[in-house]
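Hydrogens, waters and symmetry mates play no part in the numbers below; they use all other heavy atoms, side chains included. Order of the sequence lines sets the chain letters (A, B, ...), proteins ahead of strands, with each chain counted from 1.
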Amino acid sequence: MTYKSDIWEVFIQSKNGLAHKHVGNVHASDKKMALDNARDLYTRRNEGSCIWVVKTSHIVSSESEDSESFFDPANDKVYRHPTFYKMPDGAKHI
Amino acid sequence: MSEKLFQEKIDSEKKIEPKDWMPEKYRQHLIRQISQHAHSEIIGMQPEGQWINRAPSLRAKMILLAKVQDEAGHGLYLYSACETLGISRKELINQLHEERAKYSSIFNYPTLNWADMGAIGWLVDGAAIVNQVSLQRTSYGPYSRGMIKICKEESFHQRQGYEIMAEMANGTKEQKAMAQDALNRFWWPSIMMFGPHDADSPRTGNAMKWKIKRQTNDELRQSFIDKTVPQAQVIGLTIPDPDLKWNEQRGHYDFGEIDWKEFWNVVNGNGPCNKERLDHHKRAHNEGRWVREAAKVYAEKNKLN
C-alpha cells in the first residue's frame, strides 16, 4: 500500500478574544493526529489558546487571476468609507 | 499574465502567492532553494542530536533538546512552504535520498566533543540567521512567512552556542583549548555556508532579479564575518585566518582566500560524514514506514465505523 497523508491547514487563536489566524499546515492521517501535530509544531512557545485544523482539500479559494473582476463590485463604492463624507467645521467626531 | 507583468509585481515589492502566475524557472528555483533549506534543517539535527545524551548538565541537555526540536519544526515549516509550489513531501524526500537535492555541507562535518555544540550554535546558527534574516524579505509569500517565524524562534540558538563557547573560553586551560580547536575546525566551513563567490554563482542573477534572494552570497558572508569577529575577541578566541584584518576604508573585515577545493569536494559527496548523514536519514525514514501505514489504516477504519 502506498502511504499518502492528508494535509491540514492550521489556524491558531493566540488568546481568547482574538480571531484565529492561519499559520501553516501539517500532514496527518486523521483529525486527532492533525491537532496533536499542529500543537507540537506551531505552539512550542505558548503561541495559542485554541487551534483549528481544516483539511486543505475542503478549503475553497477565489482564484488570483480572477481577483480583479471578483472584487470589482466594491471598487466604485467609495461612499462605504467614512472619509467620503464632509463634516461641518467644528463638528465633533461621534 | 506575462513575465513582464510578473517582474513589475516583483519590482514593486509585491509578494507572490501560491495561486499567482509565476515563470516556471522561478518556481523551479524556489523548489530547489526551499527544499535544500528544509533538508538542511532536518539533516542538521544529526550532528547535535548525537550530543543530547552526552550533555554535561541537565540544563545543557534541556536546551539542546529544545534546539533540535526547533530544527525539526523549521524543516517542517519549509517543507510546507515548498509544497505550495505543487511538489509533494514524498517527492522532496525522494530527491534527498536519491541525491538529486542537496543540504548544507556544514552538516557533513563531525561533532567531536562538547565544544562543537558551542561552535555550531555560535557559528553555524549565526551564519544561518544572517541568511534567514535577509530571506524574510524574499518575494515568495509562504517562504517569507516561514522565514519570519524561524527567525523569531532561532535567536536563542546562536546565543546558547555563544554561551557555551564563552564559558569554555573562560574555563580551564584545557577547556579554552577545546573551544579554540572547535573554532579552528568550524570557522572556514561556516563561512563557506554562504556558497561560492558571486562571480562563480551562476544562479545569483535570476535569484536577485526575482528577489528570491535579497543579498548576494558575498554580501551575506561579509556581514557574518563583521558580526562574528568582535564576538570572538570578547571571549578571547582567535579566528584561524592570518589574513583577517579590519579595513578602515571599506568599513569591513578583509579575510583570507577560501579553500574552494574543499568546498566542492564536500558538496560533491566526499566530506567526512556525507554517507553517514544520508544513510541515517534513510534508515529512520524506512523504520517509520509501518507507523505511517498503520496510522492511515486506523484512519480508514474509523471512517467506516
Side-chain angles (χ1 to χ4, degrees), chain A residues 1-15 18-49 51-72 75, chain B residues 1 5-6 9 14-22 65-84 88-93 141-143 145-146 148-150 152-156 285-286 288-303:
Chain A
M1 159 186 154
T2 55
Y3 164 82
K4 201 175 166 297
S5 59
D6 291 314
I7 301 179
W8 304 68
E9 298 302 320
V10 180
F11 300 83
I12 292 181
Q13 183 187 37
S14 57
K15 61 179 185 191
L18 296 179
H20 285 67
K21 196 177 158 201
H22 182 247
V23 292
N25 61 39
V26 290
H27 284 226
S29 56
D30 62 30
K31 55 191 177 185
K32 183 175 181 307
M33 191 193 282
L35 266 181
D36 287 348
N37 286 355
R39 177 200 57 200
D40 292 347
L41 186 56
Y42 292 104
T43 60
R44 289 194 304 285
R45 289 170 174 78
N46 296 319
E47 287 94 337
S49 58
I51 299 178
W52 290 346
V53 287
V54 183
K55 267 191 196 175
T56 307
S57 56
H58 288 176
I59 290 181
V60 182
S61 166
S62 59
E63 296 296 326
S64 60
E65 61 233 56
D66 302 336
S67 70
E68 216 167 294
S69 59
F70 188 74
F71 293 105
D72 176 65
N75 280 348
Chain B
M1 194 161 103
L5 286 171
F6 174 82
K9 212 167 152 184
K14 285 195 181 112
K15 298 282 185 228
I16 306 300
E17 292 296 338
K19 284 172 142 269
D20 295 348
W21 185 90
M22 61 185 84
L65 194 56
K67 182 171 185 284
V68 173
Q69 282 176 327
D70 272 354
E71 273 144 20
H74 298 170
L76 293 177
Y77 302 157
L78 286 158
Y79 284 130
S80 285
C82 202
E83 283 170 295
T84 63
S88 72
R89 181 92 45 113
K90 203 172 166 207
E91 170 60 14
L92 292 170
I93 303 293
Y143 193 25
R145 291 191 284 277
I148 290 167
K149 200 164 164 51
I150 287 174
K152 232 187 253 169
E153 296 184 355
E154 194 147 286
S155 47
F156 103 75
H285 190 69
N286 290 335
R289 186 187 308 274
W290 72 271
V291 179
R292 297 190 292 275
E293 288 176 357
K296 192 69 187 168
V297 173
Y298 180 74
E300 290 297 327
K301 204 171 129 192
N302 281 350
K303 243 183 251 167

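Here the side chain of A/Ser29 pairs no donor or acceptor atom with the backbone of B/Ala299 at under 3.5 angstrom. Side chain of B/Tyr77 to backbone of A/Leu41: a donor-acceptor contact under 3.5 angstrom is found. Using modelled atom types, no side-chain atom of B/Ser80 and backbone atom of A/Gly24 make a donor-acceptor pair closer than 3.5 Å.
The two atoms that bring A/Glu65 and B/Lys19 nearest to each other are OE1-O, 4.3 Å, heavy atoms only.
Under 4.0 Å is where a charged nitrogen must lie from a carboxylate oxygen, and between A/Asp30 and B/Lys301 no such pair does. In summary, A/Arg44 and B/Glu153 engage in a salt bridge, as defined by a charged side-chain N under 4.0 Å from a carboxylate O.
The environment of NZ in A/Lys31 is sparse: at most 12 heavy-atom neighbours from other residues, nucleotides or ligands sit within 6.0 Å.
Between A/Ser67 atom OG and B/Glu17 atom CD the span is 12.0 Å, to the nearest 0.5 Å. Rounding to the nearest 0.5 Å places CZ of A/Arg45 at 4.0 Å from CG of B/Asp70.
Among the candidates B/Glu83, B/Lys149, B/Gln69, B/His74, the residue making the largest number of heavy-atom pairs closer than 4.5 Å to chain A is B/Glu83.
Contacts of B/Tyr298 with chain A are made by side-chain atoms alone, with heavy-atom separations under 4.5 Å and no backbone atom involved. Heavy atoms of A/Thr56 lying under 4.5 Å from chain B are absent altogether. With a threshold of 4.5 angstrom between heavy atoms, A/Glu9 does not approach chain B through any atom at all.
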